[in-house]
Amino acid sequence: MSWGNRKADRVTFATGHTVLMMAIDGTWQRSCILLDISKTGARLHVKDSIEGLNLKEFFLLLSSTGLAFRRCELVRINGDEIGVKFVEDKDPGKKKKGRALARSDT
């Protein structure tokens, strides 16, 4: 399976970067290596088995403190590598409207 058809430019890490995959509800987590990343997705090398995990949506924790993270959705599996796309807000305008209203009231 080709990893070449990408919509956004990728940054590739020569030695990889250790990150953590975690279930949305926090019930599981897996250590993995971030191989490359873009604005829209990433490619990961998973160290342990992903069998039985719900990978429809999960968090990718990019920092050890958990302050940098992305919500992900599985796109493809190729052996011990997976491709994910980053899930965006379903209604990004909703938050912006709320903030604009809050600012106009003050």
Side-chain angles (χ1 to χ4, degrees):
M1 185 175 287
S2 171
W3 296 90
N5 273 346
R6 296 187 173 124
K7 296 179 182 178
D9 290 336
R10 296 258 168 158
V11 174
T12 302
F13 300 98
T15 58
H17 180 70
T18 302
V19 294
L20 193 66
M21 297 168 46
M22 185 174 75
I24 297 293
D25 62 3
T27 56
W28 59 265
Q29 62 182 14
R30 291 290 183 277
S31 182
C32 56
I33 302 295
L34 181 63
L35 300 172
D36 64 42
I37 192 166
S38 75
K39 185 171 86 172
T40 58
R43 185 168 54 109
L44 309 168
H45 174 267
V46 184
K47 294 179 179 181
D48 297 320
S49 172
I50 57 173
E51 188 175 337
L53 301 180
N54 180 5
L55 295 175
K56 181 173 171 65
E57 273 194 49
F58 60 92
F59 289 116
L60 182 62
L61 305 177
L62 301 168
S63 72
S64 59
T65 61
L67 295 176
F69 66 92
R70 295 290 180 267
R71 192 172 189 137
C72 298
E73 185 175 289
L74 180 67
V75 174
R76 66 185 72 159
I77 299 175
N78 185 13
D80 57 0
E81 289 185 10
I82 65 172
V84 299
K85 72 176 184 177
F86 299 140
V87 179
E88 296 181 20
D89 246 350
K90 305 267 190 275
D91 187 6
K94 186 175 182 179
K95 288 181 181 179
K96 290 179 184 175
K97 289 178 187 174
R99 286 187 203 139
L101 289 174
R103 280 190 224 130
S104 65
D105 292 339
T106 57

Could you state the interatomic distance from [atom1] ([X]) to [atom2] ([Y]), rounded to the nearest 0.5 Å?
| X | Y | atom1 | atom2 | result |
| --- | --- | --- | --- | --- |
| H17 | C32 | NE2 | SG | 10.0 Å |
| L34 | R43 | CG | CZ | 9.5 Å |
| I82 | R76 | CD1 | CZ | 11.5 Å |
| E88 | E73 | CD | CD | 11.5 Å |

Decide yes or no on side chain to side chain contact (heavy atoms under 4.5 Å, CB included) for L60 and L44, but give the supporting numbers first.
CA-CA 10 Å; L60 182 62; L44 309 168; 4.0 Å; yes
Minimal non-hydrogen separation, [X] against [Y], with atom names:
| X | Y | value |
| --- | --- | --- |
| G79 | I77 | O-CG2, 3.8 Å |
| S63 | A68 | OG-N, 3.3 Å |
| T18 | S31 | CG2-OG, 3.9 Å |
| V75 | K85 | CG2-N, 3.5 Å |
| N54 | W28 | O-CZ2, 3.5 Å |

Common cluster, [X]/[Y], ILVMFWY with side-chain heavy-atom separation under 4.5 Å:
| X | Y | answer |
| --- | --- | --- |
| L62 | F86 | yes |
| I37 | M21 | yes |
| M22 | L53 | no |
| V19 | I50 | yes |

Is the shortest side-chain heavy-atom distance between F58 and V84 below 4.5 Å?
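Sidechains of V84 and F58: in contact.
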Take L20 and F69 through the test side chain to side chain contact (heavy atoms under 4.5 Å, CB included) and record every step on the way to the result.
CA-CA 9 Å; L20 193 66; F69 66 92; over 6 Å; no
Has R30 got a side-chain atom pairing as donor or acceptor with S49's backbone, closer than 3.5 angstrom?
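Side chain of R30 to backbone of S49, a donor-acceptor pair under 3.5 Å: yes, one is there.
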Could you give me the CA-CA distance, side-chain angles and deciding distance for F59 and I24, then say whether side chain to side chain contact (heavy atoms under 4.5 Å, CB included) is met?
CA-CA 6 Å; F59 289 116; I24 297 293; 3.7 Å; yes
